[in-house]
Amino acid sequence: MSSRAAPSDLLQIRFWGVRGSTCASGPQFVEFGGHTPCVEIRCGERLFIVDAGTGLSALGADLAASAPREIDILFSHLHLDHVGGLPFFKPALLGQDRVIRTYCGNLEGESAMASLERLFAPPLFPVRLGQLPARFEHQGFKAGEPLIFDDGARVETCRLNHPGGSTGYRFHHRNRSVCYISDVEHSEPWPDPNLLAFIHDADLVIYDGMFCESEYTNCRGWGHSTWQKGVDLAQSAGVKALAIFHLYPGHDDAFLKIAEAQMQTAMPTAFVARERQLVTLEAGEEPAVVEPVLAKDFAT
Ligand SMILES: [Zn+2]
Ligand SMILES: [Zn+2]
């Protein structure tokens with residue numbers, strides 16, 4: 001358990017779930033982890049949560065009582081692997097003074113409310129979100145519009161190529177920026193000029209590298225990309241570091257370590273995201289500090 005409010009000049013990213021589609025479990029998945037997408041982004045002390053996959057329950061347990069009274073969860077989209085952790089998010093159980101706001105950009109301006117109320121209701125699930133102590137507020141927007149929050153925080157968004165659409169995000173803090181680009185399928189020509197402009201010069205891009213090129217011919221049209229296309233995109237855009245994310249549940253630690261070594265021959269600052277891994281971006285010109293996760297971190 002820890003309270004990790006970042007010093008005000010840091011932009012910090014912690015991965016709480018890095019698997020795509022469904023969870024992975026077993027001794028061959030310990031290094032990279034098994035939870036579905038959830039990323040904690042701290043702009044100074046300001047918390048954003050991107051996606052509410054099963055990793056959200058672990059983030060909630062870690063935040064515990066130190067969770068802010070008002071929490072913003074930004075959805076890439078609402079596929080099951082991105083919402084499944086929502087009813088198990090501990091801050092939603094802490095009291096009626098808590099507010100959890102969701103933001104959804106791929107439904108033509110509609111919020112996530114109707115979809116989530118359908119999902120988290122009997123007979124699919126025994127408890128409705130509205131029965132949890134925290135108050136949920138759901139906001140819709142159109143991907144491409146900036147999100148501007150009451151405290152003045154601003155997050156840029158863009159529409160991604162995925163069945164039903166998906167939203168990419170760009171967070172700024174001091175002179176640093178991180179982009180979350182998942183779920184996305186690369187398109188012809190590649191790199192896509194809009195995406196290139198959106199992520200230009202970012203310090204870190206988190207990218208859907210679910211497959212490798214040799215697998216992609218069998219997965220075309222599924223809405224996901226490859227780590228090779230991620231490296232192409234990042235290098236063309238002048239991105240400093242690349243985190244491959246939304247990992248295929250059938251790729252075990254041994255497979256991913258080989259893939260990581262291959263991508264690092266092309267881009268030394270590329271890596272495969274690991275559950276609970278922390279990336280710190282300090283204001284200034286220093287490269288990102290990427291802390292590897294330690295096996296003992298999984299004890300909690
Ligand atoms: Zn997904
Ligand atoms: Zn999806």
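The chain is numbered in sequence order, starting from 1. One-based numbering, in listed order, for ligands and for the atoms of each. All of these numbers come straight from a predicted model, not from anything done at the bench.
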>> Can you confirm whether more than 12 heavy atoms, excluding those of Glu156, are under 6.0 Å from its CD atom?
In response: yes
>> Can you count the protein N/O/S atoms lying under 2.8 Å from the Zn ion (ligand 1), leaving waters out?
In response: 4
>> Looking at Asp203 and Arg176, is any side-chain nitrogen of the basic one under 4.0 Å from a carboxylate oxygen of the acidic one?
In response: yes
>> Less than 4.0 angstrom from a charged side-chain N to a carboxylate O is my criterion; do Lys257 and Asp252 meet it?
In response: no
> Excluding sequence neighbours, so at least two apart, what forms side-chain contact (heavy atoms from CB on, under 4.5 Å) with Asp97?
Replying inline: Arg69
> Arg170 and Val155: which non-hydrogen atoms are nearest, and at how many Å?
Replying inline: O-CG1, 3.5 Å
> Does a salt bridge link Arg274 with Glu260, judged by any charged N lying under 4.0 Å from a carboxylate O?
Replying inline: yes
